[in-house]
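So the structure is just underneath, and the comments pick up after that.
Bear in mind the structure is a predicted one, so any value in this text is a computation, not a measurement. Chain letters run A, B, ... following the sequence lines, proteins first, then strands; residues in each count from 1.
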Protein chains: 2
Amino acid sequence: MLRVPTTVDVFNAIAERRRRAIVEWLAWQEPMAAGVLVVALGLPQPAVSKHLGVLRKVGVVAVIEQGNCPVYNPEAETLKPVHDWAKGFEELWGHQLDRIKERAEQRAHAETESPTSLEPRKGQA
Amino acid sequence: MLRVPTTVDVFNAIAERRRRAIVEWLAWQEPMAAGVLVVALGLPQPAVSKHLGVLRKVGVVAVIEQGNCPVYNPEAETLKPVHDWAKGFEELWGHQLDRIKERAEQRAHAETESPTSLEPRKGQA
DNA sequence: CCATTGTATTCCCGTAAGGGAATATGTCAA
DNA sequence: TTGACATATTCCCTTACGGGAATACAATGG
């Protein structure tokens, strides 16, 4: 089981700088033709088309077919899992650092260093 | 310029399921030896070691040297950029959808479909 | 119908990266 | 010091993936 392909896993899809840039552009100026992105990002046209293909398959971007010049739309809901996952560690970089460390240690002691389940109970799996 | 290596770009580092799982475990039960993760995740020991190496290099994880049995710690601040980036699109999956679409269209009209800068002004670049 | 334009696709190549097995390293115990 | 244990590293192999060039495809305008 290798890495989940970019066209399936959102985390993997946005692991590419240019794709993140594309999403940013689309989010900034809503519906946009591929050609605009080509000019804007200064990338070769096939590259943009491929990246858009990945983003489309993974659901980060939706395409509105308009004849010769299809227009791309951000589907940001797909990015929510990323946000939620990272947000799950918010308390770790915030001020409540000590609080959660205490909790963690309490749990650790309670279980005597041998977890019974193979899944973290905290969630955000 | 290919994809930024996993040991440099956080987005790419967490694009791997197992690494996310490792981070989750560490966040759940604070300091933890590599061996515990091996048992917990059911992965071969070298795999866990390698993944921890990546996470360490990218800064998502810190290691506390303890002789034979070094202990790993989550360094969640490194994940904040991911959170922030995704959060930048929060308004797109929320209720303010129409609001931002209006704004975007206004800008689009104001600039007559030809962006002058090569960077999105919205930020989160 | 044909030419033009914009976009998607294909082919080939190079490389990063993960898996598995074996091995090295390093630490603690006796 | 030697042996046992835990972790890190190396080697080889396979594959996903991005780049570049060329091409195919679709739609529109003449």
Side-chain angles (χ1 to χ4, degrees), chain A residues 1-23 25-26 31-58 60-73 113-115, chain B residues 1-23 25-26 31-58 60-73 113-115:
Chain A
M1 205 199 304
L2 236 66
R3 189 189 278 211
V4 184
T6 58
T7 52
V8 175
D9 183 18
V10 192
F11 287 87
N12 200 6
I14 64 167
E16 171 68 58
R17 274 180 162 266
R18 303 162 210 294
R19 281 197 287 263
R20 288 201 296 276
I22 289 178
V23 175
W25 269 89
L26 290 180
M32 187 180 281
V36 181
L37 288 167
V38 171
V39 176
L41 301 174
L43 295 176
Q45 177 267 321
V48 172
S49 186
K50 287 177 198 171
H51 285 312
L52 282 173
V54 172
L55 292 174
R56 186 169 42 82
K57 283 179 186 165
V58 84
V60 177
V61 149
V63 55
I64 305 176
E65 293 295 350
Q66 283 190 4
N68 201 14
C69 201
V71 159
Y72 284 88
N73 229 16
E113 288 184 15
S114 62
Chain B
M1 203 198 307
L2 238 64
R3 189 190 279 213
V4 183
T6 57
T7 52
V8 176
D9 182 18
V10 195
F11 287 87
N12 201 4
I14 64 166
E16 172 68 59
R17 273 181 162 266
R18 302 161 211 293
R19 282 197 287 263
R20 289 202 296 274
I22 288 178
V23 176
W25 270 89
L26 291 178
M32 188 181 281
V36 181
L37 287 167
V38 172
V39 176
L41 301 175
L43 296 176
Q45 177 268 322
V48 173
S49 186
K50 286 177 199 171
H51 284 313
L52 282 173
V54 172
L55 291 174
R56 185 170 43 82
K57 282 178 186 165
V58 83
V60 177
V61 148
V63 55
I64 306 176
E65 295 292 350
Q66 282 191 2
N68 199 13
C69 203
V71 158
Y72 285 88
N73 229 16
E113 290 184 13
S114 62

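- Whole-Å rounding puts the B/D9 CG to C/dA16 P distance at 15 Å.
- Residues B/L37 and B/L26 approach most closely at CD1-CD2, 4.2 Å, considering heavy atoms.
- Of the side-chain N and O atoms in B/H51, none sit less than 4.0 angstrom from OP1 or OP2 of C/dA17.
- Nearest heavy atom pair, residue B/A13 against residue B/V58, reads CB-CG1, 3.9 Å.
- Of the side-chain N and O atoms in B/N12, one or more sit less than 4.0 angstrom from OP1 or OP2 of C/dA17.
- Set against D/dG18, C/dG18, D/dG20, the side chain of A/P44 has D/dG20 as its closest nucleotide.
- Following rounding to the nearest Å, B/L43 (CG) and D/dT7 (P) show an atom-to-atom distance of 14 Å.
- Residues passing the side-chain contact (heavy atoms from CB on, under 4.5 Å) test with B/S49, sequence neighbours excluded: B/Q45.
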key: Per-nucleotide protein contact string for nucleotides 5-14 of chain C (B base, S sugar-phosphate only, - none; heavy atom under 4.0 Å)   = BBBBBB----

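- Using a 4.5 Å heavy-atom threshold, the side chains of B/R3 and A/T6 count as touching.
- At distances below 3.5 Å, at least one donor-acceptor pair connects side-chain atoms of B/R20 with backbone N or O atoms of B/I14.
- To the nearest angstrom, C1' of C/dG18 lies 18 Å from CD1 of B/I14.
- Side-chain nitrogen and oxygen atoms of A/R3 include none within less than 4.0 Å of the OP1 or OP2 phosphate oxygen of D/dA16.
- Partners of A/P46 by side-chain contact (heavy atoms from CB on, under 4.5 Å), not counting sequence neighbours, listed by chain and number: A/P44.
- Nucleotide D/dT15 holds its C1' atom 13 Å from the CD atom of B/E16, rounded to whole Å.
- Atom CZ of B/R17 is separated from atom P of D/dA16 by 16 Å (rounded to the nearest Å).
- For the pair A/L41 CG and D/dG19 C1', the interatomic distance rounds to 16 Å; values are reported in whole Å.
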